[in-house]
Trainee: 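I'd like to ask some things about the structure below.
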Amino acid sequence: MKFSQNFTKTSKTVSAETESINAQLLTRAGFIYQELAGAYAFLPLGWRVIQNIESIVREEMNKIASELHLTALSPKERWQATKRHDSVDVLMSTKAANDIALQKSTAEYILNPTHEDVITPIAKQYVNSYKDLPFATYQIQTKFRNEARAKSGLMRGREFIMKDLYSFHVSEENLKEFYEMAKERYVAIYEKLGLGEDTFVTLASGGDFTEEYSHEFQTLLESGEDVIYLDRNNNIAYNKEIATPEDAKKLGVNFDDLEKIKASEVGNIFPLGTKYSELLDYYFTDKDNKRHLVWMGSYGIGISRIMGVIAEKHHDKKGLIWPKNVSPFDYHIIALPDAENIQASEKIYQELGEENCLFDDRADVHPGEKFADADLIGIPTQIVISKKTLEQDSVEVVDRVSEKKELIKIKDLKINL
Ligand code: ATP
Ligand code: MG
């Protein structure tokens, strides 16, 4: 993409209300736009990051489930049927906004905060025999939650993007088998996102659900909202909300030896058991034609929260620093302003592939401003083209993290990157 065609601009400042580092940097770099507290538009650069995160998640989820797309709106009755209409404290609804619209319809809809209540009736319609079980399906979709505190930028939204997967089984054993497989796929996802080293499978209360524990994926982060109790050597962690000396004992660790450390929840998987099938009368028939409740699991990943977490973890005083796998582009081509450079750069841009490069082709912008923009945007590899480098048939390749600079011959560029 050419910089001159990117309609957003970088800015040196953000409004004083922007408290979190991720919202400050992502807003200044033109990745996101705040529509209201807790709701952000993803601008072209930001949307590419989201798409990269999504494609890593899809790659792993497609190994264990099929993708679908559920509705964001549902009828009130869906949530009444599971008795959650009056108990989920973040539930939001929508209805006609004015008298003219009300004449057409007075219906009130729920803006889904999660989809167990919605997917179960669909599963019930299609899958009623042991022959069709197990199955698993997932989506990547916008969720709505009326969060009280929405001051952490992308890390806590009232509207946010989640990957949610639901699995259906004939027995507890079969659910557990799938659950462990899903856990492994989750570990692979955080690894690919560059968060592997700092992300711990963490025991947490099941919340709404029947089993004793659910498993959270917690990424260590100073600005995270959670505190986990961590035994790094044995790779055991549990969430402060459930952390008692008795829990520690059960896990065979000494409570006082545990590290108490801040983290952000980037995923959560739940063995739901038969909670929803009981509420919604969801049975399957076995080979003897006997009826049994269906066993279920649900598995979430905070796609947009992850973008916020990465921004919080990977930046310096000049701006963002994207890990390669999620960076909006692989290369940031900086053509220093003079016509000859721009032309030579255009060739390099074509050669490296338009899809892979952000090409700063602006002819009327001072070099200092171009460098500052590139550092703020945070693409990991910068390619600087100037009169000086061209005299040596070369470009300067700059690593955004180490700031290491290397002069590379244009003819050797592709093999050297
Ligand atoms: P939290 O404890 O942070 O409020 P949660 O436990 O209510 O989150 P889940 O229902 O487990 O959230 O949702 C699955 C995943 O979606 C979470 O692990 C998190 O990564 C993400 N998520 C949840 N709420 C938000 C939010 N308000 N904004 C952004 N991401 C969120
Ligand atoms: Mg959770």
Side-chain angles (χ1 to χ4, degrees), residues 20 22-23 26 32 34-40 42 46 49-50 53-54 56-57 61 79 82 84 87-92 111-119 138-166 182-183 186-187 189-190 193 195 198-209 211 213-221 223-228 237-242 262-272 275-276 297-313:
S20 64
N22 74 87
L26 292 167
I32 59 173
Q34 187 182 47
E35 181 65 25
L36 52 89
Y40 291 87
F42 294 97
V49 175
I50 289 288
I53 297 171
E54 288 183 358
I56 288 173
V57 170
M61 291 298 99
W79 291 81
T82 53
R84 298 219 290 175
S87 66
V88 173
D89 62 355
V90 291
L91 203 61
M92 292 167 94
L111 287 158
N112 294 319
T114 178
H115 280 78
E116 287 84 1
D117 312 65
V118 174
I119 188 74
Y138 79 97
Q139 64 170 343
I140 295 179
Q141 214 209 31
T142 301
K143 306 284 193 226
F144 300 89
R145 294 187 184 183
N146 191 23
E147 302 279 4
R149 299 164 291 136
K151 292 183 175 167
S152 307
L154 292 186
M155 298 203 293
R156 183 163 298 283
R158 295 199 163 97
E159 173 181 330
F160 61 97
I161 305 171
M162 195 204 285
K163 184 285 301 178
D164 44 326
L165 183 150
Y166 305 93
K183 208 190 273 173
Y186 268 53
V187 171
I189 286 169
Y190 298 113
L193 288 169
L195 295 172
D198 284 344
T199 302
F200 293 88
V201 182
T202 303
L203 294 170
S205 63
D208 258 346
F209 308 113
E211 293 281 316
Y213 294 121
S214 75
H215 293 84
E216 294 174 346
F217 291 77
Q218 291 278 0
T219 303
L220 303 187
L221 185 68
S223 53
E225 289 181 12
D226 288 14
V227 173
I228 63 168
Y238 58 119
N239 195 305
K240 182 169 179 278
E241 286 176 7
I242 65 150
K262 286 174 100 176
S264 176
E265 182 194 317
V266 291
N268 200 179
I269 58 177
F270 302 87
L272 298 173
K275 170 178 167 156
Y276 286 90
S298 86
Y299 314 78
I301 288 186
I303 301 281
S304 48
R305 177 177 288 181
I306 285 172
M307 179 169 165
V309 166
I310 292 174
E312 296 271 330
K313 280 189 100 67

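Computed over heavy atoms, backbone and side chain alike; hydrogens, waters and symmetry mates excluded. Note that ligands are numbered from 1 as they come in the structure, with each ligand's atoms numbered from 1 the same way.
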Trainee: With heavy-atom distances below 4.0 Å as the criterion, list the atoms of ligand 1 near M155.
Mentor: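 Answer, ordered by atom number: 28 (N), 29 (C).
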
Trainee: Looking at K275 and E116, does any basic side-chain N land under 4.0 Å from a carboxylate oxygen?
Mentor: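 Here K275 does not pair with E116 in a salt bridge, since their nearest N and O are not under 4.0 Å apart.
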
Trainee: At less than 2.8 Å, would any N/O/S atom of N268, backbone or side chain, sit next to the Mg ion (ligand 2)?
Mentor: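 Given the 2.8 Å cut-off, N268 counts as a ligand of the Mg ion (ligand 2).
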
Trainee: Give a yes/no on ligand 1: does F270 have at least one heavy atom closer than 4.0 angstrom to it?
Mentor: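 Yes, that is the case, since the closest heavy atom of the residue is under 4.0 Å from the ligand.
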
Trainee: Below 4.0 angstrom from a heavy atom of G157, which ligand 1 atoms are there? Numbered from 1 as shown, please.
Mentor: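 Contacts of ligand 1 toward G157, numbered from 1: 26 (C), 27 (N), 28 (N), 29 (C).
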
Trainee: Among all protein non-hydrogen atoms, which one is nearest to atom 14 (C) of ligand 1, and what is the separation to 0.1 Å?
Mentor: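 Answer, as residue, atom name and distance: M162 CE, 3.7 Å.
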
Trainee: When rounded to the nearest 0.5 angstrom, what distance separates OG1 in T114 from CZ in R84?
Mentor: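 If we round to the nearest 0.5 Å, T114:OG1 and R84:CZ are 6.0 Å apart.
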
Trainee: Does only the side chain of R156 get under 4.0 Å from ligand 1, or the backbone, or both, or neither? Count heavy atoms.
Mentor: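 Answer for R156: both.
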
Trainee: Mind listing the closest non-hydrogen atom pair of A23 and Y40 along with its distance?
Mentor: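 Scanning both residues completely, I find the closest heavy atoms to be CB-OH, 3.8 Å.
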
Trainee: To the nearest 0.1 Å, how far is atom 21 (C) of ligand 1 from its closest protein heavy atom, and which atom is that?
Mentor: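 Residue, atom and distance for the closest contact: G302 CA, 3.6 Å.
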
Trainee: What atoms in ligand 1 come closer than 4.0 Å to a heavy atom of E147?
Mentor: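 Listed by number with element, the hits are 24 (N), 26 (C), 27 (N).
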
Trainee: Any idea which protein heavy atom is nearest atom 7 (O) of ligand 1, and the distance to it?
Mentor: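 Answer, as residue, atom name and distance: R145 NH1, 3.0 Å.
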
Trainee: Identify the two heavy atoms, one from S304 and one from I50, that lie closest to each other, and give their separation to 0.1 Å.
Mentor: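 What the structure gives for the nearest pair is CA-CD1, 4.0 Å.
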
Trainee: Any idea which atoms of ligand 1 are less than 4.0 Å away from a heavy-atom of N268?
Mentor: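 Counting from 1, the qualifying ligand atoms are 11 (O), 18 (O).
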
Trainee: Going from OH on Y186 to OG1 on T199, what distance comes out if it is rounded to the nearest 0.5 angstrom?
Mentor: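 So the gap between those two atoms works out to 13.0 Å.
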
Trainee: Below 4.0 Å, non-hydrogen atoms only: which portion of E265 touches ligand 1? Side chain, backbone, both or neither.
Mentor: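 Under 4.0 Å from ligand 1, E265 contributes backbone and side-chain atoms.
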
Trainee: Using a 4.0 Å cut-off to any heavy atom of V266, which atoms of ligand 1 qualify?
Mentor: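 Answer for ligand 1: 18 (O), 20 (O).
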
Trainee: Can you name the one residue among K143, R305, H115 that meets side chain to side chain contact (heavy atoms under 4.5 Å, CB included) with M162?
Mentor: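 Among K143, R305, H115, the one that satisfies the side chain to side chain contact (heavy atoms under 4.5 Å, CB included) with M162 is K143.
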
Trainee: If we only consider heavy atoms of G267, is any one of them less than 4.0 Å away from an atom in ligand 1?
Mentor: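 A heavy atom of G267 does come that close to ligand 1.
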
Trainee: Using 0.5 Å steps for rounding, measure from the CD atom of E54 to the CD1 atom of I161.
Mentor: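 Nearest 0.5 Å value for the CD-CD1 distance: 5.5 Å.
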
Trainee: How close do K163 and V57 get, heavy atom to heavy atom, and via which atoms?
Mentor: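 Minimum heavy-atom separation between K163 and V57: CG-CG1, 3.5 Å.
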
Trainee: Does K183 have more than 12 heavy atoms from other residues, nucleotides or ligands lying within 6.0 Å of its NZ?
Mentor: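 Check passes, neighbour count above 12.
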
Trainee: Under 2.8 Å from the Mg ion (ligand 2), is there any N, O or S atom belonging to E265?
Mentor: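 It does: E265 brings an N, O or S atom closer than 2.8 Å to the Mg ion (ligand 2).
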
Trainee: Where on Y299 is there a heavy atom closer than 4.0 Å to ligand 1, on the side chain, on the backbone, on both, or on neither?
Mentor: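 For Y299, no heavy atom sits under 4.0 Å from ligand 1.
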
Trainee: Could you identify the single nearest non-hydrogen protein atom to atom 22 (N) of ligand 1 and state the distance to 0.1 Å?
Mentor: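 Nearest neighbour among protein heavy atoms for atom 22 (N) of ligand 1, to 0.1 Å: F160 CE1, 3.5 Å.
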
Trainee: Verify whether one side chain among S214 and N268 offers a donor that lies under 3.5 Å from an acceptor in the other.
Mentor: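 Their side chains do contain a donor-acceptor pair, which is all the 3.5 Å distance test asks for.
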
